[in-house]
Each structure stands twice: as C-alpha cells, then as structure tokens.
Amino acid sequence: MKPYEINNMIIDDDFASEEYVTADFTHNNKEYSITFKKADLEIINTWVFEDGTSIPANLSDEMVESIRADVKKRI
C-alpha cells in the first residue's frame with residue numbers, strides 16, 4: 001500500500017510555452033499539492049495545506065519518485 005493517495009490531477013495545457021500537471025494528494029492526514037512540467041515531469045513546486053494556508057512541502061525523494069511514476073501512468 002502506498003503512503004499517499006492521489007485525490008485529483010489537473011493537466012494544464014493552456015499555456016503556450018509549457019504544460020503542467022498538478023496532483024493533489026493526501027499523506028499522513030494532510031493535504032498536499034505537487035506540480036510537474038508535463039514534458040519531463042520536473043518538479044515545479046510542492047505545497048502542504050495547514051491551518052487554512054499553504055506552505056512549501058518537504059517531501060522525500062522516494063515519495064516524489066513514487067508520485068512521479070503514478071502521474072506518468074495517468075497522463
């Protein structure tokens with residue numbers, strides 16, 4: 001079983017120069033969001049939502065790679 005669950009995924013292809021993929025997921029009862037460039041799945045940003053605000057998230061390399069693999073399968 002994975003340590004997270006992807007709840008929503010948005011592929012934003014309206015930009016002229018770059019396309020992005022954002023995955024919203026739950027991990028340890030917290031809500032997170034991670035955005036990748038669609039072309040190579042390079043990380044653009046990661047956020048955790050706490051107390052009504054968002055702050056940069058510090059995710060392990062293993063978690064990022066697992067999420068990246070899931071996103072790649074869903075694109």
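Residues take their numbers from the sequence shown, with the count starting at 1.
Here CD1 of Ile6 is found 8.0 Å from OG of Ser66. Values are rounded to the nearest 0.5 Å. In this structure, OG1 in Thr35 is found 9.5 Å from CH2 in Trp47, a value given to the nearest 0.5 Å.
No chain of hydrophobic side-chain contacts below 4.5 Å, direct or via other Ile, Leu, Val, Met, Phe, Trp or Tyr residues, connects Ile67 to Tyr20. Residues Ile43 and Met63 fall within the same hydrophobic cluster, defined by Ile, Leu, Val, Met, Phe, Trp and Tyr side chains chained together at heavy-atom separations under 4.5 Å. Connection of Phe36 to Ile75 is established within a shared hydrophobic cluster, with ILVMFWY side chains joined at heavy-atom distances below 4.5 Å, either directly or through further cluster members. When the side chains of ILVMFWY residues are joined at heavy-atom separations under 4.5 Å, either directly or via intervening members, Tyr4 and Leu41 end up in a single hydrophobic cluster.
The closest side-chain heavy-atom distance from Lys37 to Ile44 is below 4.5 Å. Considering only heavy atoms from C-beta on, Thr22 stays 4.5 Å or farther from Asp12 through its side chain. Within the 4.5 Å cutoff, no side-chain heavy atoms of Val48 are placed close to those of Glu31. Two residues are said to be in side-chain contact when any heavy atoms from C-beta on lie closer than 4.5 Å; Phe25 and Leu59 meet this criterion. With a 4.5 Å cut-off on side-chain heavy atoms, Lys2 and Asp70 count as touching.
At distances below 3.5 Å, at least one donor-acceptor pair connects side-chain atoms of Asp40 with backbone N or O atoms of Glu42.
Annotation for Asn8: atom CG counts as buried by contact number, over 12 foreign heavy atoms lying within 6.0 Å.
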- [ ] Determine, step by step, whether Met9 and Val21 satisfy the side-chain contact (heavy atoms from CB on, under 4.5 Å) criterion, reporting the C-alpha distance in whole Å, the side-chain angles of both residues, the deciding distance to 0.1 Å, and the verdict.
- [x] CA-CA 7 Å; Met9 197 169 96; Val21 178; 3.9 Å; yes
TODO: Would you please test Ile34 and Val71 for side-chain contact (heavy atoms from CB on, under 4.5 Å) and show each step?
DONE: CA-CA 10 Å; Ile34 186 168; Val71 166; 5.8 Å; no
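Here Tyr32 pairs with nothing under the side chain to side chain donor-acceptor pair (under 3.5 Å) rule; sequence neighbours left out.
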